[in-house]
A.B. asks: 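The following block contains the structure, expressed as structure tokens.
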Number of protein chains: 2
Amino acid sequence: MVSHRRTPVEPESITPHLCSLDLRLHILKGLPFFAGLPEEDIAGINARFHERGYAPGETIFYAGDPVKRLYVVASGKVKLLRHTLSGQDVLLDILAPGEFFGNLSALGDDVYPDTAQAQTLTCALSIEADVFRQIMAAYPAVALAVVDIMNERLRAAHEMMRQLSAHTAEQRIAHTLLKLGEKLGQPADVGLLIQMPLSREDVAAMAGATVETASRTLSQFKKAGLIRSGRQWVALADPDRLRAIAEGDA
Amino acid sequence: MVSHRRTPVEPESITPHLCSLDLRLHILKGLPFFAGLPEEDIAGINARFHERGYAPGETIFYAGDPVKRLYVVASGKVKLLRHTLSGQDVLLDILAPGEFFGNLSALGDDVYPDTAQAQTLTCALSIEADVFRQIMAAYPAVALAVVDIMNERLRAAHEMMRQLSAHTAEQRIAHTLLKLGEKLGQPADVGLLIQMPLSREDVAAMAGATVETASRTLSQFKKAGLIRSGRQWVALADPDRLRAIAEGDA
DNA sequence: CGCTGCCTTGATCTTCTTCAAAACGTGTGG
DNA sequence: CCACACGTTTTGAAGAAGATCAAGGCAGCG
């Protein structure tokens, strides 16, 4: 049963729908915005978080849901996506453990702008947005860290906007793979392996293209020795040359 | 000389390259992130800001400049754009008085990710990023307001990403006009007038299209009675129908 | 062993860009 | 006040990139 698995991607640990208390504390301590906080304060904050596990493909919340919680990925991977009327989805980001998502705004509509969906077996911590705002008010360092992270995300979004409006599909797909490689890549004998089940459709939705174009382009990259790939996985064999393509050289 | 101006767009007030002290205080008081702060604290903060005027078309800073300042538009309009290697620029946003831009991050590269350029005669206040971070640390309410604003911008950027990757040029241009109308629109006898000199090239760079496509699409909108426009100006005559186009109905 | 999803590949067609040139508006200098 | 010159806008025709439509192939799973 395991013997003829062909994908090099390792399945998520079988830890079920609960995160152990150890893991929770470990995750929270490692969170960029709690870095530097006294341990006992973190323990106090920890108590304000709820936890919940999600099966692969399960939706954590839908765009438009009228709730305000802030989530943190404890384990697993989470897709952040936005729907279009035509049913065509756009994959905005893939979040790794330690990253946050959800709604932490005080103003505006009380709805999530995006849909969040577990890509693998996932455990997520969540907290009431208002409670988190209280924490930010009490610990300015936390607020500053949040600003930094949002700043970084805004920068990434702007970069993506540039990509989408001024680059070819080939360039955007190369760029998408590199981004995923940076975030989720693990060295393996096939190259820098993107550690997660990643379909052609996912790649297409991230790069703003159709499944067919994504497939054609990946085939072409594979033929050129830039990547290796199979059903639901991709590994980067030659990131440098990929980068050249993404930047418009090749 | 003035008699045969054809544009309905009013020129920026002739106030020259300096903002009066009154204006400075007024701007700072009205800033969303200083709302609710005691007046005397604002006066103290005011002292930490520098001011500088810019001529139309003048660049405030270039992407890659190794400085860290946070800017606030006091008067005028500022274009935020990102260059591509192919010389094709992407217009990320147009900022109105009261909006901020620049670099306020503590981490990452000490460079601006985007270029900022005065679109009209502009006065901008600026502050050292580190100083502003101190202010955020001292006044948690300020930090929370900044988080809210960045949250809103991130949402807008995600929306734009969706637009770029899943909509036609016509839809994107309609959407661009509506966005501009919301932000800069003023009721006039020609419709909701976008109060600033706006070339076809600007529209194209915001919508991710070429000048020619923008021109063709605007002509078509004009013929259909959706907008009125001329050299360097656009007014929305029928926002509702434009919205229908942007959303994919028409 | 066959079913169900993913992935691939080909042919066609639409959309948008590119290239080219002309028309127009605005401000300038005569 | 007029005419010229420049930058903006418009329009046309050809071309390319990618979407769409349509089959067929392959892997994993029951």
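In what follows, chains carry the letters A, B, and so on, assigned in the order in which the sequence lines appear, proteins first and then strands, with residues in each chain numbered from 1.
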A.B. asks: Tell me: CD of B:Glu170 to P of C:dT17, nearest whole Å?
C.D. replies: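 Taking CD of B:Glu170 and P of C:dT17, I get 13 Å after rounding.
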
A.B. asks: Do B:Arg200 and B:Ser229 pair up side chain to side chain, a donor and an acceptor below 3.5 Å, judged on atom types alone?
C.D. replies: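 B:Arg200 vs B:Ser229: donor-acceptor pair found between side chains.
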
A.B. asks: Check for me whether the distance between the ring centres of A:Tyr71 and A:Phe61 falls short of 6.0 Å.
C.D. replies: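 Aromatic pair counts; centres sit under 6.0 Å.
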
A.B. asks: Indicate for each nucleotide in nucleotides 19-24 of chain D, in 5' to 3' sequence, whether protein heavy atoms under 4.0 Å reach the base (B), only the sugar-phosphate (S), or nothing (-).
C.D. replies: SBB---

A.B. asks: Do we see a donor-acceptor contact under 3.5 Å between the side chains of B:Gln232 and B:Asp202?
C.D. replies: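 Looking only at side-chain atoms, B:Asp202 and B:Gln232 do not form any donor-acceptor pair under 3.5 Å.
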
A.B. asks: Both A:Lys222 and A:Arg231 contact DNA chain C. Which one's nearest nucleotide lies toward the 5' end?
C.D. replies: A:Arg231

A.B. asks: Describe, as an angle rounded to 10 degrees, how the axis at the first end of the helix from C:dT8-D:dA23 to C:dG30-D:dC1 is tilted relative to the axis at the last end, five pairs per end.
C.D. replies: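 Rounded value for the end-axis angle: 30°.
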
A.B. asks: When the distance from CG of A:Leu164 to P of D:dA17 is rounded to whole Å, what number comes out?
C.D. replies: 18 Å

A.B. asks: Find the distance B:Trp233:CH2 to D:dT8:P and express it as a whole number of Å.
C.D. replies: 18 Å

A.B. asks: Would B:Arg82 pass as a cation-pi partner of B:Tyr112, given that its NZ or CZ must be under 6.0 Å from the six-membered ring centre and within 45 degrees of the axis?
C.D. replies: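 The answer is no; the distance or angle limit is not met.
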
A.B. asks: Specify the separation, in whole Å, of atom CD of A:Glu201 and atom C1' of C:dT8.
C.D. replies: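 Atom CD in A:Glu201 sits about 15 Å away from atom C1' in C:dT8.
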
A.B. asks: Nearest nucleotide by nearest heavy atom, which residue falls closer to the 5' end of DNA chain D, A:His167 or B:Ala214?
C.D. replies: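 So the residue in question is B:Ala214.
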
A.B. asks: At 4.0 Å (heavy atoms only), tell me whether B:Ser215 reaches a base, stays on the sugar-phosphate, or touches nothing.
C.D. replies: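 Base contact - B:Ser215 has a heavy atom under 4.0 Å of at least one base atom.
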
A.B. asks: Would you indicate, yes or no, if D:dT10 has its OP1 or OP2 atom less than 4.0 angstrom from a side-chain nitrogen or oxygen of B:Arg200?
C.D. replies: yes

A.B. asks: For B:His167 and B:Ala246, work out which heavy atoms get closest and say how close.
C.D. replies: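 Taking B:His167 first and B:Ala246 second, the nearest heavy atoms are CD2-O, 3.9 Å.
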
A.B. asks: Could you give the CD-to-P distance, from A:Gln220 to D:dA17, as a whole number of Å?
C.D. replies: 11 Å

A.B. asks: Measure CD/A:Gln232 against C1'/C:dC7 and give the value in whole Å, please.
C.D. replies: 10 Å

A.B. asks: OP1 or OP2 of C:dT9 versus the side-chain N and O atoms of A:Ser219: is any pair under 4.0 Å?
C.D. replies: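 So the side-chain polar atoms of A:Ser219 do come within 4.0 Å of the phosphate oxygens OP1 or OP2 of C:dT9, strictly under.
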
